[in-house]
Amino acid sequence: MMAQESPKNSAAEIPVTSNGEVDDSHEHGFNRDLKRSLPAGLGLSETQITSHGFDSTKEGVIEAGTLQGSPAPPVPSIMSPSRVAASQLAPQGSDLIVPAGGQKTQTKSGPVILADEIKNPAMEKLELVRKWSLNTYKCTRQIISEKLGRGSRTVDLELEAQIDILRDNKKKYENILRLAQTLSTQLFQMVHTQRQLGDAFADLSLKSLELHEEFGYNADTQKLLAKNGETLLGAINFFIASVNTLVNKTIEDTLMTVKQYESARIEYDAYRTDLEELNLGPRDANTLPKIEQSQHLFQAHKEKYDKMRNDVSIKLKFLEENKVKVLHNQLVLFHNAIAAYFAGNQKQLEQTLKQFHIKLKTPGADAPSWLEEQ
């Protein structure tokens, strides 16, 4: 029967009610039968649904084309589509002819392309490695050229002189710090020996009645020297701590900024040399983009170099003011403490420590008692 009918009448009939509304009771059956009727690999874009007016008795036609290379031919089947099912097929990219009052309306929807805006992390890392390699190559070439005397370098005479003085002063301050630490260690050993010697004299003064006074005098002297030595030791340790902070923190922080400035200077000279070489060459369609890119990179590194040079100048200025203030106080402390100790002026020595707000730690003060812990 299906072979004898015309192509438009080879599909299932679409039942309608008396008022022209579509009977939706067969919606689920249509979806199920549609999946069975389509061959494997057939897309909805190749399916054409044609229907005449729903108020007529003519049948709707579903024609399924065959994909190229599809092993199975299309198999027609009898089904009852509904308006809802037809509307579900429309947004899936198929060519759909929807009946509206007996007229055919054709709408076509093309494929939707989503732009991939997400960058590949591997490509980003590869680009960073490429830029780093190129920058390292240029800077290494600049350093070798300067050492061989072939390349030119940018020099700020005033700033370079201040940096050289700072590095030389740091070496001298480190030597003073090392000697002061040695003096502190030796003084600590001497104070410890004097304390032990005073205890030994005190013990003999109690056991030797005939030399009681002599041993007693020496015991008191050694204990007094040990006490003054501890006071001097506190002043020297305070001097060491202050100079150590100045050398290994304040000056070192400024020298780190100086290293960043020198790196920026090398990059600036490297890209400056690269731009000069390009400007000396021919100017054509191939070299002009390279010259523009080199000019852009040169300008960026020039701004970085100027910024770092300004930072170094400011830090050197503040460092000089801080250094003078710190060393002035510490040198006065060291002088007064040493002079009072060797002069035997115990009051002057204690007054020196009070002047600089130095508190001595008594033996056993670091370990609190069990009552304080409770």
Side-chain angles (χ1 to χ4, degrees), residues 165-206 208 211-254 318-369 372:
I165 293 175
L166 176 62
R167 287 174 173 165
D168 185 62
N169 287 338
K170 184 187 177 186
K171 293 180 180 179
K172 295 178 180 180
Y173 295 155
E174 287 176 344
N175 185 40
I176 291 176
L177 184 61
R178 184 168 51 253
L179 294 175
Q181 291 173 345
T182 302
L183 177 61
S184 176
T185 301
Q186 295 174 349
L187 181 61
F188 175 79
Q189 294 176 354
M190 185 182 71
V191 169
H192 181 67
T193 303
Q194 288 174 341
R195 189 182 298 109
Q196 290 181 339
L197 187 59
D199 294 338
F201 283 148
D203 183 64
L204 288 174
S205 67
L206 296 176
S208 302
L211 298 174
H212 172 72
E213 294 182 359
E214 288 78 359
F215 281 123
Y217 293 151
N218 283 279
D220 294 339
T221 301
Q222 293 300 322
K223 289 181 179 180
L224 180 61
L225 290 175
K227 181 180 179 181
N228 293 339
E230 291 176 355
T231 306
L232 177 62
L233 190 62
I236 294 177
N237 289 337
F238 185 78
F239 171 82
I240 291 173
S242 299
V243 175
N244 180 66
T245 302
L246 175 65
V247 174
N248 294 323
K249 290 186 178 181
T250 308
I251 296 180
E252 186 64 27
D253 178 71
T254 305
F318 283 106
L319 175 63
E320 186 66 22
E321 296 175 357
N322 188 28
K323 181 192 70 174
V324 171
K325 181 179 179 180
V326 171
L327 288 181
H328 171 75
N329 294 334
Q330 297 305 316
L331 290 174
V332 170
L333 166 66
F334 191 83
H335 172 268
N336 292 344
I338 292 291
Y341 173 79
F342 285 100
N345 192 343
Q346 182 180 359
K347 292 183 179 180
Q348 182 64 31
L349 184 60
E350 294 176 354
Q351 184 65 28
T352 300
L353 268 66
K354 290 180 180 180
Q355 178 182 356
F356 290 91
H357 307 285
I358 301 174
K359 296 182 179 180
L360 298 177
K361 295 182 179 180
T362 57
D366 294 337
S369 63
E372 293 176 347

Tell me if a side-chain donor or acceptor on [X] pairs with a main-chain N or O of [Y] at a distance below 3.5 Å.
X: N237; Y: L233; value: yes
X: S184; Y: A180; value: no
X: S205; Y: A202; value: yes

With a 4.5 Å cut-off on side-chain heavy atoms, are [Y] and [X] touching?
X: V247; Y: I176; result: no
X: T221; Y: F201; result: no
X: E252; Y: K170; result: yes
X: F318; Y: T254; result: no
X: Q194; Y: M190; result: yes

Can you spot which of Y341, F238, F239 makes a ring-ring contact (aromatic ring centres under 6.0 Å, His included) with F334? F239

Residues at least two apart in sequence or cross-chain that pass side-chain contact (heavy atoms from CB on, under 4.5 Å) with T231, listed by chain then number, are L349, L353, L360

Is any NZ, NE, NH1 or NH2 atom of the basic residue among D168 and K172 found under 4.0 Å from an Asp or Glu carboxylate oxygen of the other? yes

Passes salt bridge (charged side-chain N to carboxylate O under 4.0 Å, His left out), K227 versus E230? Steps please. CA-CA 5 Å; K227 181 180 179 181; E230 291 176 355; over 6 Å; no

Establish, from distance only, whether the side-chain atoms of E350 and Q346 form a donor-acceptor pair under 3.5 Å. yes

